[in-house]
Engineer: 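Here you go, one structure.
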Amino acid sequence: MTRRQFVNDPDHVVPEALEGLVLAHPGLLRLHPDPAYVTRAKPAPGKVAVVSGGGSGHEPLHTGFVGAGMLDAAVPGAVFASPTALQVAAATTAVDTGQGVLQIVKNYTGDVLNFRIAAEIATDHGTAVDQILVDDDLASERADGEGPGRRGTAAVVVVEKLCGALAEQGADLPELVRFGRALVADARSMGIALAAGAHPGDRAPAWELADDEVELGVGIHGERGIGQRAFAPAEELTAELLGRLVAALGLDRGDGVLVVVNSLGATHGLELALVHRAVHRQLAGRGIDVARSLVGPYVTSLDMAGLSITLVRADDARVALWDAPVRTPALTW
Amino acid sequence: MTRRQFVNDPDHVVPEALEGLVLAHPGLLRLHPDPAYVTRAKPAPGKVAVVSGGGSGHEPLHTGFVGAGMLDAAVPGAVFASPTALQVAAATTAVDTGQGVLQIVKNYTGDVLNFRIAAEIATDHGTAVDQILVDDDLASERADGEGPGRRGTAAVVVVEKLCGALAEQGADLPELVRFGRALVADARSMGIALAAGAHPGDRAPAWELADDEVELGVGIHGERGIGQRAFAPAEELTAELLGRLVAALGLDRGDGVLVVVNSLGATHGLELALVHRAVHRQLAGRGIDVARSLVGPYVTSLDMAGLSITLVRADDARVALWDAPVRTPALTW
Amino acid sequence: MNASDTRDWMRRFFAAFDREQQALTDLDRRSGDGDFGANLRFALGRARTALENTASATPGDVLDTVATAFLHTGGTSGPLFGMWFRQLAKATRAETIGVAELARGFADATATVQRLGGARPGDKTMVDAMVPASEALAGASGSLDEALDAAAAAARSGAEATADLLAKRGRASYVGEVARGVLDPGAVTVALLVEAARTR
Amino acid sequence: MNASDTRDWMRRFFAAFDREQQALTDLDRRSGDGDFGANLRFALGRARTALENTASATPGDVLDTVATAFLHTGGTSGPLFGMWFRQLAKATRAETIGVAELARGFADATATVQRLGGARPGDKTMVDAMVPASEALAGASGSLDEALDAAAAAARSGAEATADLLAKRGRASYVGEVARGVLDPGAVTVALLVEAARTR
Ligand SMILES: Nc1ncnc2c1ncn2[C@@H]1O[C@H](COP(=O)(O)OP(=O)(O)O)[C@@H](O)[C@H]1O
Ligand SMILES: Nc1ncnc2c1ncn2[C@@H]1O[C@H](COP(=O)(O)OP(=O)(O)O)[C@@H](O)[C@H]1O
Ligand SMILES: [Mg+2]
Ligand SMILES: [Mg+2]
Ligand SMILES: [Mg+2]
Ligand SMILES: [Mg+2]
């Protein structure tokens, strides 16, 4: 079956969507059109600013997380492509109020390169910048440590939430970096797809699956995963992902975790909730406590049918930061 | 291409998802398993209670809107099927704190029947009950007034939000009913689909569309719409829906509206935002002001690719109620 | 008729439904969506279990237990039969009841179904069996047995007559002429129910 | 070399790229994702417009305008060329510059690209043309013209040599042996750039 989307010119999807997003949240967001980035409508002085960004197509990431308690700016690239160095540099210098800027970067070559360059440019302009590299995707980890390493996926939401809260509380840049890097080291994700997504304007999904297969370890840019496995009930697919995540983090009886059950795009809330139940019960069966969880579309891959599960080791400080108030288009409490 | 979902037993989707939802929001929601309904974790005394419900498969509706400032209880039926009269009656009597209960009912035969019966049973138990029937879907309106009339679709979110806020402010049952009925009279929606959804466990969508067609006026239960039209750029499809809505409400230069651009399931945030921009600009072109808007998946139809647009006449009182604080799984500000 | 007689009535009704379930499903398949048998089976299964676990002092207690089981059931027949039984129960809360109580109960119950469902006689629904049964009881002057015989015969002929009707309510109304000649499963079920009330 | 000479250099570079754009795209198609030509065209188009609308007092001003255009560009080549030009601009902020400034500028710029991209000579990237060009300028003893001739020849032979290399960095590294025999488009572009600096 042909895939279609609500699109005008495929080349204008991102700027049109940015305009539409900010029109929906005039009290929260401000759009800077060229170079394009989004900031809070009401800048927060006297704190380290937190900036993230990356390719579009993952909405609500990152623009949906701009607001009090989370990001100060988000920098969207084209669909699945890094924002440019100057976009990131412009956002970085714009939100600096003298306390410096924390950049949260997902581990992809283009993002890493452009954020590094942006940091150098912003530093030249007198802004103190440091970075946290988010690399949580188990699927792209190689035993020999070669290659580009684990990709950055849904754990970035937890990093943005917790670092955002810590920044709001007045932490300085070195403390934020220390906290954020330890957090990333304790975070792992893995995704599974039932059907690939399609680029805006494309009539066909990026790839096809046999009727009895699912794609394991998919990324969020339409790449295929690390292999196929048999389609199976949700309990079994959940167990497949959870087993790997628990092993990778070395979780044990008595440990607590933060959980994200994330829709990759087209997977329905009923399915997500049902998988969340399975995660809860399976972790309980291993004596692992779910301290908090997020269930919904947070880091999507266009209209891919699939989901990812993220586990992050929890401790009291992290739970307190999770619970701290947040007020953004896509996350508010 | 075969459609698949994350499901265990298709018959257990709803109870499993309810459990998973409440596990994700233990501070907000409480699950009553048999008869099944969801209430606030912290009941609100001294106000009229607001209850809604209907078939499942429309998540986050209605369970995602239980919480301070919106619903006191939500009653989920099986997928696309009304909850039973006793489920509704149990929820209704459970949340009554002596001020009475307002039931918000979408206009479908089964829902209307079961909520009416529930209201009679609850009345027998000494609870004062009254109802608002939401019938916003232009597509099912017949010129001769025959048939079951306009169906209830995405305007129900606006009705639940505004009536919830008014109840929170201490309005009594007659005032709520008056307010809600006037609101419904000022609300119209229409949907458009690019691909049908599939029931949990089903391998095929409910119906197929030709590659160059879209389905106009779709409902939220997998029914086909009122006809097909040519696939076209988002601006044009938006204009098709908006033209009808503006005419139906008799909107004119200087009028203000509340807008919902609602994903019917699989439509991506980028697309919704881009359509929201089109709505904003086209209404501005007609001199109509968008007072507030909601853009996201609020009333879905499983994993249908499509969206609906809702317009509701705005006035100062309605905007103030829209802006009033709300704290639910799916809507918080 | 006391509580125990009423239980026997319900047991005969359950047995009759078990025999006819497939036929009823087929009727709903031809005129509706085919779930009538499943809806009834769910309701009656629940009623059976509930009756086994509940003591009841009056016919009304028995009928109210059955009502609750129906009100826990989906479809259109679940809530409408539920309210029919519930209304009948209200009129039969004496230890022993006779024709008068039954007649008033049937009248109230049928009126409730008509009020809630909006169907009139001739619309090809359960009402087409309920109304003649109710009228037969109201007009009965002899013994309970004679009254029930008359009611059963009236319900059955009301149900049979639905074959020739064009549906105006419910799902069967969507298919129009196609369901002409098909009995309405709801009306047939009412006939089974009233027939089951007879003890001879 | 003053600001006006530098503008001329850039104009010749734009013209050379326009001639070779299709060939460069083809090279990226065989070893990468085929967007190299489009990325460069975007950057150079922006640079051209910016130069028309900006006054510049020094060669560094001109080069910085070009740097900004590249830093507005996606892909891997955009930011890396951008930082190359940006670093070169920092060393060329005198009204007139000679071999010494250019040599230091090329050395710093090439070091920046290596630091940011992590590529070493032999990895089949733009670095394979940048390093020999930079070394030729550093070792030059004669006139600016002679130095630029030497640098251009060095860049070109560095670019030609990428054909035999196996890519270790960038997208071409994903395809491995398949890209053996294919010139690296980034390195070829560096050759065009340095060749364009010559005025004779
Ligand atoms: N408006 C109505 N009033 C009375 N009875 C009705 C009405 N609509 C339908 N019915 C009865 O309900 C029966 C169908 O029940 P069921 O299959 O459970 O409902 P559904 O049509 O919702 O699937 C019909 O045979 C008819 O007797
Ligand atoms: N790590 C690197 N260091 C230096 N140059 C690189 C590196 N990776 C790629 N390149 C250069 O970039 C060129 C490809 O540029 P482009 O097509 O814009 O990027 P992409 O590969 O992201 O599509 C290659 O021809 C190569 O010269
Ligand atoms: Mg039926
Ligand atoms: Mg049915
Ligand atoms: Mg390329
Ligand atoms: Mg590329």
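Just so it is clear: chains get the letters A, B, ... in the order the sequence lines come, proteins before strands, and each one is counted from 1. Being a predicted model, the structure only gives us computed values, none of them experimental.
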Engineer: Let's test your reading of the structure: which of B/L21, B/V7, B/V275 forms the most heavy-atom pairs below 4.5 Å with chain A?
Structural biologist: B/V7
Engineer: Please look at A/V259 and chain B and tell me whether the side chain, the backbone, both or neither of the residue comes under 4.5 angstrom of a heavy atom of that chain.
Structural biologist: neither
Engineer: Side chain, backbone, both or neither: which part of A/I192 has an atom under 4.5 Å from a heavy atom of chain B?
Structural biologist: both
Engineer: So, taking the atom named CZ in A/F6 and the one named CG in B/L270, what distance separates them when rounded to the nearest 0.5 Å?
Structural biologist: 13.5 Å
Engineer: Under 4.5 Å from any heavy atom of chain A, what part of B/L331 do you find: side chain, backbone, both or neither?
Structural biologist: neither
Engineer: Check each atom of A/L18 against the heavy atoms of chain B and say whether the ones under 4.5 Å are side chain, backbone, both or neither.
Structural biologist: neither
Engineer: Who wins among A/P329, A/G269, A/A24 for the most heavy-atom pairs under 4.5 Å with chain B?
Structural biologist: A/A24
Engineer: With a 4.5 Å cut-off on heavy-atom pairs, point out which of A/E59, A/H58, A/E235, A/E236 contacts chain B the most.
Structural biologist: A/E59
Engineer: Looking only at heavy atoms, which two atoms of B/F231 and A/R203 are closest? And how far apart?
Structural biologist: CD2-NH2, 3.4 Å
Engineer: Select, from A/H25, A/H12, A/E213, the one with the greatest count of heavy-atom pairs under 4.5 Å involving chain B.
Structural biologist: A/E213
Engineer: Under 4.5 Å heavy-atom distance to chain B, tell me which part of A/D323 shows up: side chain, backbone, both or neither.
Structural biologist: neither
Engineer: Chain B heavy atoms under 4.5 Å from A/R292: which part of the residue, side chain, backbone, both or neither?
Structural biologist: neither
Engineer: Any idea which heavy atoms bring A/A266 and B/D303 closest together, and the distance?
Structural biologist: O-CB, 3.8 Å
Engineer: Please identify, among B/L272, B/V79, B/L307, the residue contributing the most non-hydrogen atom pairs under 4.5 Å to chain A.
Structural biologist: B/L307
Engineer: Can a donor-acceptor pair be found, under 3.5 Å and without considering hydrogens, that links the side chain of B/N8 to the backbone of A/A234?
Structural biologist: yes
Engineer: Working to the nearest 0.5 angstrom, can you tell me the gap between B/H268 NE2 and A/Q5 CD?
Structural biologist: 10.5 Å
Engineer: Relative to chain A, which segment of B/T267 carries a heavy atom at a distance below 4.5 Å: side chain, backbone, both, or neither?
Structural biologist: side chain
Engineer: Side chain, backbone, both or neither: which part of A/A210 has a heavy atom under 4.5 Å from chain B?
Structural biologist: backbone
Engineer: Decide yes or no for B/V13 and A/L274: does some side-chain heavy atom of the first lie under 4.5 Å from some side-chain heavy atom of the second?
Structural biologist: yes
Engineer: Nearest 0.5 angstrom please: A/R281 CZ to B/E19 CD, how far?
Structural biologist: 5.0 Å
Engineer: Identify the heavy atoms of B/L194 and A/R4 that sit nearest to each other, and give their distance.
Structural biologist: O-NH2, 3.2 Å
Engineer: What is the distance from atom CG of B/L23 to atom NE2 of A/H280, rounded to the nearest 0.5 Å?
Structural biologist: 4.5 Å
Engineer: What distance do B/L28 atom CG and A/W333 atom CH2 have between them, rounded to the nearest 0.5 Å?
Structural biologist: 10.0 Å
